[in-house]
Number of protein chains: 2
Amino acid sequence: MSVNSFDNYPLAWKPEKEKLKQPYFKALAEDLENRIKRGILKPGTKLPPQREIADYLNLNYTTITRVYEICKKKGLVYGAAGKGTFVSPHSSENITITASNLTDGCIEMGAVNGFSEYTELTERATRAVVEKGYLRNLYEYTHPAGQPHQLAAGIRWMEQLGVHTDNEHTAIFAGAQNAITVALVSLFSPGDKIATDQYTYSNLIELAKLLHIVLVPIRGDKNGMCPDDLKRQCGTNKMKGIYLMPSCANPTTIVISKERREELAAVIRKHRLILIEDDVSAWMPTSIGNMLPSMFDLLAGQSIYICGMTKNLCPGLRIAYMTFAECFRQEILHGLFNINVKTSSLDAEIITELILNGDAYKIAEHKHSLTERACALFAKYFPECWKEHGKISYYQWMPIEIEKPFRDIEEDFISQGIRVYHSERFAVAKNQGHNFLRVTLCSAGSMRKLEKGLQILKSCLD
Amino acid sequence: MSVNSFDNYPLAWKPEKEKLKQPYFKALAEDLENRIKRGILKPGTKLPPQREIADYLNLNYTTITRVYEICKKKGLVYGAAGKGTFVSPHSSENITITASNLTDGCIEMGAVNGFSEYTELTERATRAVVEKGYLRNLYEYTHPAGQPHQLAAGIRWMEQLGVHTDNEHTAIFAGAQNAITVALVSLFSPGDKIATDQYTYSNLIELAKLLHIVLVPIRGDKNGMCPDDLKRQCGTNKMKGIYLMPSCANPTTIVISKERREELAAVIRKHRLILIEDDVSAWMPTSIGNMLPSMFDLLAGQSIYICGMTKNLCPGLRIAYMTFAECFRQEILHGLFNINVKTSSLDAEIITELILNGDAYKIAEHKHSLTERACALFAKYFPECWKEHGKISYYQWMPIEIEKPFRDIEEDFISQGIRVYHSERFAVAKNQGHNFLRVTLCSAGSMRKLEKGLQILKSCLD
DNA sequence: CAATTTGTATCTACACATTTT
DNA sequence: GAAAATGTGTAGATACAAATT
């Protein structure tokens, strides 16, 4: 085949043959990375097959395999045998959700702050800790995983969430995100694959990118992740772990049903996946009423359970509990020592005080009733959506019809005075066709502001 | 060459030809890993040349390259062109230093706790923070890098250490180890190489292993790392970064001289290395007297400066400041958001209070005078060592003559009633020939106990 | 359901750099 | 200082697996 026959061929990526320097695979990988990062190659774009690029450049096609491999490790592209290689959805952009400052007057319905304005009982607990004369014990280096009584309080808290464990298999971390980091760093290596929902916690997506861990989206329905698709992907993809939020997925608010939990557990057990169960919303008192079995209990022996205390109690105190199977014990503690050394004892002690004096439950109840009120407001403005997708939750998941780049959509809302997040921020793979908004109800600052925000949202969508 | 001619050849590693299954390189890598982890192949052992193994197994020798490559990425072995491939010093063992519990009566001269028994002023600051009525502002999600006044306090503290920066280039982390983690995760990728001293902070060694970052030891002398060896390694090794503790290296207590700092800065600048400056001991008031220019100021634009507040103020409050060049800003903050979300505001506020009311300086002075007293005790029992290596420091570096596995040596000391750490714990590459002990002077709990510990040490070495 | 397209895994080939002799 | 030993970097060949047509 003539070398020049591709000159007018429509290859999405056509490296300049003349400028190509040795080593080829590095030069090509850099070129590809540049084009993706500069936005010349947009997310979702199908790259030319390895053999075409190779023919065009007169190289062996496995050299192009190397090029795609390098970019894959960086999370810039992903490949599928038989289909092709594609530019990753978030390759060129940072979707981290953080409490960045909003313009004055703009109503926060993006970040999930968990009604952080309610702090009376936490303040009281802080005073109690300081007055107890126990302070000097909190300033020491000892008990890097947490002091025994602090762990005991955490275990008690998790007990009511359907997770049964003991001091030897529990540790305290500086928040759920920090706990996930330690779990990923300690138990996974770059290139390992973790199954997730198609939409998941956006900071997990970013963290996985940072650690060069590959997230593999699994199809789901109203009851959660589909066991069949998980099975299929496990067969072909050599998955090492799975990340689930069974009690109320972020952002979709899907609760995994009892049957589904058992079906998933069977697949996870069979393929020996490491399960990371992130229980952000189990605290909701209603869910305690009709409690579902924790995945951790279903899969004791191959699970990590993470229970963050920031969103339900107090975001400024960075505390999460992690419970782990015996086989992960050494590695998790090793990771904890080397990433954090230890977690702030003072923060841990305040949360401990809140659990032991019962105020943690009062805060949870109070926040639950606030959530109910906020949901009622939401239902008032969006009755169909509430009927279809509604859950008592800090946020709602709302289908929208707008076809625009997602950043533009978000910015349009900001210019109207509200911040909400678009589903693409949470998408593990390329766009799924449907678009949604995650509408947070717990961060506006007051019910009055929330109602105003919902009114703005309504008027924007009409 | 006959396939069987190696049967009686003394290869340190001779995989069983019969049991070998495909894929060869994976099977071989697993076999090698097993033998190293089970201790059959001991640290320092020279592995057979790639070509010999290959001949023996009738494989192409680059297949063995792959095998060694896999084990190298796991930190199990290291190779040197022209020399051979060797089993890594810490391949089979975890050298993490943590505040694990000591048997009753055993005197702690291993971990560095920084005279943590002195907590009066910290307790007072904690009370002050609680009483100021500012608590509710600490419970929020905002200002993930730290509140402006907290950053300002940190900047003021760093100012006196010779580091000049501003709010936009400073962030608060949950301790120095946590700050290093974020720097490594945000700015480096698996396989990247970082230059370090031959002996360095053992938790850095473990952290690098966890993140699959390769540490390259550079020769040093009494004035610190040798610029020539750094230059040489940069030429051949494609280094991406360098980690230094210029103000007082852990564990060697070496202070990098002014001239040396400038020489090193020139090499670092030329090769565009990312400098991570870990300033654990700059707080020592004496060093403030005759202050040396910070590497950060010498290399503004390509540096990260980390200032941990745990060892000098209070280990239980997990706070460190990090200052970074503009070009790292986005990546560092991105890493912070995704690894920690944010740092405990309460801890940060207490440290802020200590800096602003001046008590931080008093604590530092008090700890310095304790350190001087402890060093005087050390000099009394080990006058030659003090004369040769002594520095006013939380720990001392002491040559020893014992030839035994390092764990055995440490355990011998423990059975005598003291915990000290052996130099091999801090060795980045294979054993250097000389052996040392790091003798910590700030963790015994009292001067009386410290003296008793030194007496035991003396009697053990006589 | 067979043929085709496309990516992946594994092993081989060879030029080259560094260290030792 | 040349030759030999030894690890490293880059590219190619081949068999195979998954998805599409």
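Here is the naming used below: chain letters follow the sequence lines, and residue numbers restart at 1 for every chain. Computed from a prediction, not measured in an experiment: that's the story for all the values here.
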Enquirer: Please check this pair: side chain of Gln198(B) against backbone of Val428(B), looking for a donor-acceptor N/O pair closer than 3.5 Å.
Expert: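 Checking the backbone N and O of Val428(B) against the side chain of Gln198(B), no donor-acceptor pair under 3.5 Å is found.
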
Enquirer: Please state whether the base of dG7(C) and the side chain of Thr65(A) form at least one donor-acceptor pair under 3.5 Å?
Expert: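 In this structure, the two groups form no donor-acceptor pair.
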
Enquirer: Can you tell me if Asn60(A) touches the phosphate of dA11(D), counting only side-chain N or O atoms and a distance under 4.0 Å to OP1 or OP2?
Expert: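 Negative; the distance criterion is not met.
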
Enquirer: Atom CG of Asn58(B) to atom C1' of dT10(C): distance rounded to whole Å?
Expert: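 That distance rounds to 17 Å.
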
Enquirer: Within a radius of less than 6.0 Å around NZ of Lys46(B), do more than 12 heavy atoms belonging to other residues, nucleotides or ligands occur?
Expert: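 Yes, NZ of Lys46(B) has more than 12 neighbouring heavy atoms, counting only those of other groups under 6.0 Å.
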
Enquirer: Between Arg260(A) and Glu263(A), does any NZ, NE, NH1 or NH2 come within less than 4.0 Å of an OD or OE carboxylate oxygen?
Expert: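 Salt bridge present between Glu263(A) and Arg260(A).
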
Enquirer: Within this structure, what is the CZ-to-C1' distance between Phe86(A) and dT20(D), rounded to whole angstrom?
Expert: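 Rounded to the whole Å, the gap is 12 Å.
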
Enquirer: Within the 4.0 Å heavy-atom criterion, would you say Tyr61(B) contacts the bases, only the backbone, or no part of the nucleic acid?
Expert: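 Counting heavy atoms under 4.0 Å across all strands, the contact made by Tyr61(B) includes a base.
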
Enquirer: Just to confirm, is there a sub-4.0 Å distance from OP1 or OP2 of dT8(C) to any side-chain nitrogen or oxygen of Lys72(A)?
Expert: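 For Lys72(A), the contact criterion (side-chain N or O under 4.0 Å from OP1 or OP2 of dT8(C)) is met.
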
Enquirer: What is the separation between atom CG on Leu59(A) and atom C1' on dA11(D), rounded to the nearest whole Å?
Expert: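 After rounding, the gap between these two atoms is 9 Å.
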
Enquirer: Round to a whole Å and report the spacing from CD of Gln22(A) to C1' of dT10(D).
Expert: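 Atom-to-atom, Gln22(A) to dT10(D), this comes out as 8 Å.
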
Enquirer: Tell me if the side-chain of Arg66(A) makes a donor-acceptor pair with the base of dG12(D), cut-off 3.5 Å, by modelled atom types.
Expert: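 Such a pair is found, so the answer is yes.
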
Enquirer: What pairs of nitrogen or oxygen atoms, one from the protein and one from nucleotides 3-6 of chain D, lie under 3.5 Å apart?
Expert:
unit_1: dT6(D); atom_1: O2; unit_2: Gly82(B); atom_2: N; d: 3.2

Enquirer: Within a strict 4.5 Å, meaning less than it, do heavy atoms of the Tyr243(B) and Ile180(B) side chains meet?
Expert: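 Yes, side chains in contact.
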
Enquirer: Taking atom P of dG9(D) as reference, at what distance in whole Å does atom CD of Glu69(B) sit?
Expert: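 These atoms are roughly 8 Å apart.
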
Enquirer: Determine the contact category for Thr63(B): base if any of its heavy atoms lies under 4.0 Å from a base atom, sugar-phosphate if only primed atoms, P, OP1 or OP2 are that close, otherwise nothing.
Expert: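 Since a base atom lies under 4.0 Å of Thr63(B), the category is base.
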
Enquirer: To the nearest Å, how far apart are Leu28(B) CG and dT12(C) P?
Expert: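 Taking atom P of dT12(C) as the reference, CG of Leu28(B) is at 11 Å.
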
Enquirer: How many angstroms lie between atom CZ of Arg269(B) and atom CD of Glu262(B), to the nearest 0.5 angstrom?
Expert: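 Here the interatomic distance stands at 9.5 Å.
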
Enquirer: Starting at atom NZ of Lys21(B), determine the distance to atom C1' of dA9(C), rounded to an integer number of angstrom.
Expert: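 Whole-Å distance recorded here is 19 Å.
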
Enquirer: Between Asp55(B) (CG) and dC11(C) (P), how many Å, whole number?
Expert: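 About 17 Å, once rounded to whole Å.
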
Enquirer: Taking the inter-plane angle between the rings of Tyr199(A) and Phe436(A) on a 0 to 90° scale, is it parallel (under 30°), tilted (30 to 60°) or perpendicular (over 60°)?
Expert: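 Tyr199(A) and Phe436(A): perpendicular rings.
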
Enquirer: Using a strict threshold of under 4.0 Å (side-chain N to carboxylate O), is an ion pair present between Lys26(A) and Glu30(A)?
Expert: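 The answer is no: the pair does not qualify as a salt bridge.
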
Enquirer: If you only use heavy atoms from C-beta on, which nucleotide in dG12(D), dT10(C), dC14(C) is closest to the side chain of Phe25(B)?
Expert: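 The closest nucleotide is dT10(C).
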
